[in-house]
S.K.: 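The structure that follows is given in the form of structure tokens.
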There are 2 protein chains.
Amino acid sequence: MSERVVPPAARRRRRPTKQGVVLSEELIVETALRLIEEHGADALSVRRLGRALGADPSSLYRYFRHTDDLMLAITDELIGRTLSTWRPTGDWRADLRDLGLRMHAGALAHPRAAVLSSYRVTGRVHEIQAVETILGVLRDAGFPDPDAVRIYHAFVDQALAFGAFDSASVALPQAAREAETAVWRATYARLPADTHPHIAATAHHLVTDMSHSSYPAALDLLLSAATTRLSQTKDKS
Amino acid sequence: MSERVVPPAARRRRRPTKQGVVLSEELIVETALRLIEEHGADALSVRRLGRALGADPSSLYRYFRHTDDLMLAITDELIGRTLSTWRPTGDWRADLRDLGLRMHAGALAHPRAAVLSSYRVTGRVHEIQAVETILGVLRDAGFPDPDAVRIYHAFVDQALAFGAFDSASVALPQAAREAETAVWRATYARLPADTHPHIAATAHHLVTDMSHSSYPAALDLLLSAATTRLSQTKDKS
DNA sequence: TTAACAGGTCAACGGTGTTGTCATAAGGTG
DNA sequence: CACCTTATGACAACACCGTTGACCTGTTAA
């Protein structure tokens, strides 16, 4: 029992399950994603996944050591989908802006999966490819290695963190989501100026601004700070 | 059974449990927090909490409708603690930096609660107080209202998003957490330079940098971009 | 042709949140 | 003081969960 998972390359004996399904890593990941999107993050359990696949739950342990392994495979699949259509143009700032917005949009397209997976380090192919590409964009732009790594880290984490953060709102039950947007109109917009002068003075801006994601603004702030830093670096040399 | 939770004000008959403990909402929240701190994030379950309190698990349902209710009560307690000791000094940039770091640290101190609650808008007193204060800091610094709101939004969401993001790693089962840090050493640091030149060139920086939170760096980038914007605004007037 | 074994199934273990039911002691009332 | 109401704790049960050891069988390579 010490090792029941066989590397994908060595898989050959593809016996169908009792219900006639031929399992594979891809099929399992695909089905898991569908399950999450259709029935919520809580719907993902080994038993339910087995049922959805037409296989005994324990069969899945031939493909994944534990649930966490499966989660990582799902995550990597999502990273791959996000990057598959992105191509850097040579303008580092525009490229990173585009990529950041894509990552954010990608998370929002699969909010329930994003909430579970955004913070994981997979060490799988798609992730490695992404790291290499982004680092390349920054180093080619002229950032010294320590800056490149620091900005890479902040950039990626910001995109992932906001992706998960905004996904969490989207994944909320509809009633709860509506209740939260109502708070800005019903509570904040009605605070009297004598007790809460700053909120009262900006109430109009708050109501319109708080209903959107702040990620684009945060991303632009990060990129403009990076631009400033790069020009300072070039002045010195 | 439609309503087994009695509002705190109406509680009078404080009968002790079999083991002699007198339950209360405060005691339960306190014990839950202690449990998380002492035995890790996974240690919080209704059954374990009941055991720690010396009460039957089902007794807790007299105080909280479900575990999520308990989670929110814990979160509310934490928000209060985080803000209670912070006082703005008049230096807007230093004040926001301090507050951001406090919010982030507060989340990390109770990761399991942070993950579940960071993205919620409560509209309660502590939250309103925080909004008013932060907006005041920005407007007093000289930011025009639209900028103040935009920067406020980005600042708060970034602190909360990174708080939840970094908490998620901390809340991971220990084995998974160790596996992730190992990935940087075992996988990324060993990629050959001919296939992954940028990773290979910065491997040393990656290994040291990726094991820390990037929030302080992201926070500084945001604040320095805001500073630049403020000076541009002042030039025009 | 046959032997090895990958990959499926089955049953079980110890955990989880949650609820219906019951017992009882606390507290108000006369 | 005695009585009645009921808040609140305890118990048992339900339906799940992830995971594993043992078993069985069809596929494949020799």
Side-chain angles (χ1 to χ4, degrees), chain A residues 1-28 32 35-36 39-72 74 116, chain B residues 1-28 31-32 35-36 39-72 74 112 116 172-173 175-176:
Chain A
M1 180 64 51
S2 68
E3 199 40 67
R4 71 199 312 168
V5 175
V6 166
R11 291 187 178 278
R12 287 186 312 276
R13 309 192 181 174
R14 340 235 64 263
R15 166 159 42 152
T17 71
K18 247 185 176 179
Q19 301 186 35
V21 184
V22 175
L23 294 179
S24 70
E25 197 175 312
E26 296 78 36
L27 181 61
I28 295 174
L35 216 54
I36 291 175
H39 301 97
D42 300 341
L44 187 63
S45 76
V46 177
R47 296 175 126 93
R48 246 195 279 238
L49 183 52
R51 221 179 300 137
L53 280 161
D56 189 272
S58 64
S59 303
L60 305 184
Y61 287 84
R62 303 279 180 206
Y63 294 83
F64 301 97
R65 260 184 261 277
H66 23 246
T67 350
D68 207 58
D69 257 24
L70 172 59
M71 213 51 243
L72 291 183
I74 293 174
L116 294 181
Chain B
M1 181 60 51
S2 69
E3 199 40 64
R4 73 196 313 166
V5 175
V6 167
R11 292 187 178 278
R12 287 186 315 278
R13 309 190 182 177
R14 340 241 59 261
R15 163 155 49 151
T17 70
K18 248 187 176 176
Q19 302 186 33
V21 184
V22 176
L23 294 179
S24 71
E25 198 175 312
E26 296 79 35
L27 180 61
I28 295 174
T31 306
L35 215 54
I36 293 176
H39 300 95
D42 303 339
L44 188 63
S45 76
V46 177
R47 296 175 127 91
R48 251 196 277 239
L49 182 53
R51 220 178 299 137
L53 280 162
D56 189 273
S58 66
S59 302
L60 304 183
Y61 287 85
R62 301 282 180 204
Y63 295 82
F64 301 97
R65 262 185 257 278
H66 12 254
T67 1
D68 226 46
D69 258 23
L70 172 59
M71 249 7 276
L72 289 183
I74 293 173
R112 177 109 180 246
L116 294 180
L172 234 44

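Note on naming: letters A, B, ... go to the chains in the order of the sequence lines (proteins, then strands), and numbering restarts at 1 for each one. Computed from a prediction, not measured in an experiment: that's the story for all the values here.
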S.K.: Taking the side chain as C-beta and beyond, is there a heavy-atom pair between A:L60 and A:L49 under 4.5 Å?
M.R.: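 Contact flag for A:L60/A:L49 side chains = yes.
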S.K.: Relative to the 5' end of DNA chain D, which residue comes earlier, B:V21 or A:R51, by the nucleotide with the nearest heavy atom?
M.R.: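 It is B:V21, whose closest nucleotide lies nearer the 5' terminus.
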S.K.: When the distance from CZ of A:R15 to P of C:dA6 is rounded to whole Å, what number comes out?
M.R.: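 Result: 12 Å.
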S.K.: Rounded to the nearest angstrom, tell me the gap between atom CG in B:L35 and atom P in C:dT16.
M.R.: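 Those two atoms, CG and P, are 11 Å apart.
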S.K.: Near B:H39 NE2, under 6.0 Å, is it more than 12 heavy atoms from other residues, nucleotides or ligands?
M.R.: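 Check fails, neighbour count at 12 or below.
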S.K.: Give the rounded distance in Å between these two atoms: OH of B:Y63 and P of D:dT8.
M.R.: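 About 6 Å, once rounded to whole Å.
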S.K.: With a 4.0 Å limit, can you tell me whether A:S59 has a side-chain N or O closer than that to the phosphate oxygens OP1/OP2 of C:dG8?
M.R.: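 So the side-chain polar atoms of A:S59 never come under 4.0 Å of the phosphate oxygens OP1 or OP2 of C:dG8.
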S.K.: Pick the nucleotide of DNA chain C nearest each of B:P57 and A:P16; which residue has the one closer to the 5' end?
M.R.: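 Nearest-nucleotide comparison on DNA chain C picks A:P16.
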S.K.: Rounded to the nearest Å, what distance is computed from the CZ atom of residue B:R65 to the P atom of nucleotide C:dG17?
M.R.: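 Between P of C:dG17 and CZ of B:R65: 19 Å.
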S.K.: Just call it for B:S45: base, sugar-phosphate, or nothing, with non-hydrogen atoms closer than 4.0 Å on any strand.
M.R.: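 The answer is sugar-phosphate, as B:S45 gets under 4.0 Å only of primed atoms, P, OP1 or OP2.
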S.K.: Please report the distance, rounded to the nearest Å, between CG in A:L60 and C1' in C:dG8.
M.R.: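 Atom-to-atom, A:L60 to C:dG8, this comes out as 11 Å.
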S.K.: Check the phosphate of C:dT18 against B:T67, side-chain N and O only, distance under 4.0 Å to OP1 or OP2. Yes or no?
M.R.: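 Checking C:dT18 against B:T67, a side-chain N or O does come within under 4.0 Å of OP1 or OP2.
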S.K.: From CZ of A:R48 over to P of D:dA15, roughly how many Å is that when rounded to an integer?
M.R.: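 Value for this atom pair: 15 Å.
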S.K.: With respect to the side chain of B:R47, which nucleotide from D:dC17, C:dT16, C:dC10 is positioned closest?
M.R.: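 Per side-chain heavy atoms of B:R47, the pick is C:dT16.
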S.K.: Below the 4.0 Å mark, does D:dA10 have OP1 or OP2 next to a side-chain nitrogen or oxygen of B:Y61?
M.R.: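 Checking D:dA10 against B:Y61, no side-chain N or O comes under 4.0 Å of OP1 or OP2.
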S.K.: Report which part of the nucleic acid A:S58 touches: base, sugar-phosphate, or nothing (heavy-atom distance under 4.0 Å, all strands).
M.R.: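 Base, at least one base heavy atom under 4.0 Å.
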S.K.: Find out whether A:M71 and A:F64 are in side-chain contact, i.e. whether some heavy atom of one side chain is under 4.5 Å from a heavy atom of the other.
M.R.: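 Result no, sub-4.5 Å side-chain heavy-atom pair not found.
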S.K.: Out of D:dC11, D:dG9, D:dT19, which has the shortest distance to the side chain of B:D56?
M.R.: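 Taking heavy atoms from C-beta onward, the closest nucleotide is D:dC11.
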S.K.: If the condition is side chain to side chain contact (heavy atoms under 4.5 Å, CB included), which residues does A:T67 pass it with, not counting sequence neighbours?
M.R.: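 A:T67 satisfies side chain to side chain contact (heavy atoms under 4.5 Å, CB included) with A:V46 only.
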S.K.: A:R62 has an atom CZ; how far is it from atom P of D:dT19, in whole Å?
M.R.: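 Spelled out: CZ on A:R62 to P on D:dT19 is 15 Å.
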S.K.: Whole angstrom is fine here: how far is it from CG in A:D69 over to P in D:dT20?
M.R.: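 Checked: the CG to P distance equals 12 Å.
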S.K.: Supply the atom-to-atom distance B:D56 CG to B:R51 CZ, rounded to the nearest 0.5 angstrom.
M.R.: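 The CZ atom of B:R51 is 11.0 Å from CG of B:D56, to the nearest 0.5 Å.
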